Amino acid sequence: MGQKKEMKTPGVVQFNMHLPTRIIKKRDVYISSCPILGVVSQGETEEEAKNNLVEAVTAFAISCFERGTLEKVLEQCGFKSVHGGAFVY
């Protein structure tokens, strides 16, 4: 008789972040940044710079979460933990 393999379904984690950002134009490129997290990106248009920053911040948050350091990193960036696992700046 064969053994049954237990299939694990990936869990879903969802969180929202509302962060201040900056976009400036330098020569032919737009530089986007999230100063609180120290994340920077760029694009040929303002919209591309914004979208690239969203992607970079998302990758940053996912990386921290996967390594188990998200809470510590947010606290180091000045966020405070409040009831229910939420953070405020």
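This one's a predicted model, so the numbers in the text were calculated from it and none came from an experiment.
Partner of Ser32 under the side-chain contact (heavy atoms from CB on, under 4.5 Å) criterion, out of Ile24, Thr21, Val40, Leu53: Leu53 alone.
Contact annotation: the side chain of Arg67 never approaches that of Val73 to less than 4.5 Å [non-hydrogen atoms, C-beta and beyond]. You'll find the side chain of Tyr89 stays beyond 4.5 Å of the side chain of Leu19, heavy atoms only.
Side chain of Thr69 to main chain of Cys64: a donor-acceptor pair is present (N/O by atom type, distance under 3.5 Å, no hydrogens or angles). A donor-acceptor pair under 3.5 Å links the side-chain atoms of Thr58 to the main chain of Val54, judged by distance alone.
Atoms SG and CD1, from Cys77 and Ile36 in turn, are 8.0 Å apart once rounded to the nearest 0.5 Å. Taken to the nearest 0.5 Å, the CG atom of Asp28 stands 11.5 Å off from the CD atom of Gln42. Taking CD from Glu46 and CD1 from Ile31, the interatomic distance works out to 12.5 Å, rounded to the nearest 0.5 Å.
Hydrophobic clustering of Ile, Leu, Val, Met, Phe, Trp and Tyr side chains at less than 4.5 Å, counting indirect connections, keeps Ile62 apart from Met17.
Closest approach of Pro35 to Pro20, counting heavy atoms only: CD-O, 3.8 Å. Taking both residues in full, the closest heavy atoms of Thr45 and Tyr30 are given as C-CD1, 3.4 Å, listed atom of the first, atom of the second, then distance. The two residues Asn52 and Gly43 come nearest to each other via the heavy atoms ND2-CA, 4.1 Å. Listed here is the closest heavy atom pair of Val57 and Cys34: CG2-CB, 4.2 Å. Of all the heavy atoms in Phe87 and Val82, the pair that sits closest is N-CG2, 4.3 Å.
Partners of Glu55 according to the side-chain contact (heavy atoms from CB on, under 4.5 Å) rule, which considers only residues two or more places apart in sequence or in another chain, do not exist here. Listed by chain and number, the residues in a side-chain hydrogen bond (donor to acceptor under 3.5 Å, both in side chains) with Arg27 amount to none (sequence neighbours excluded).
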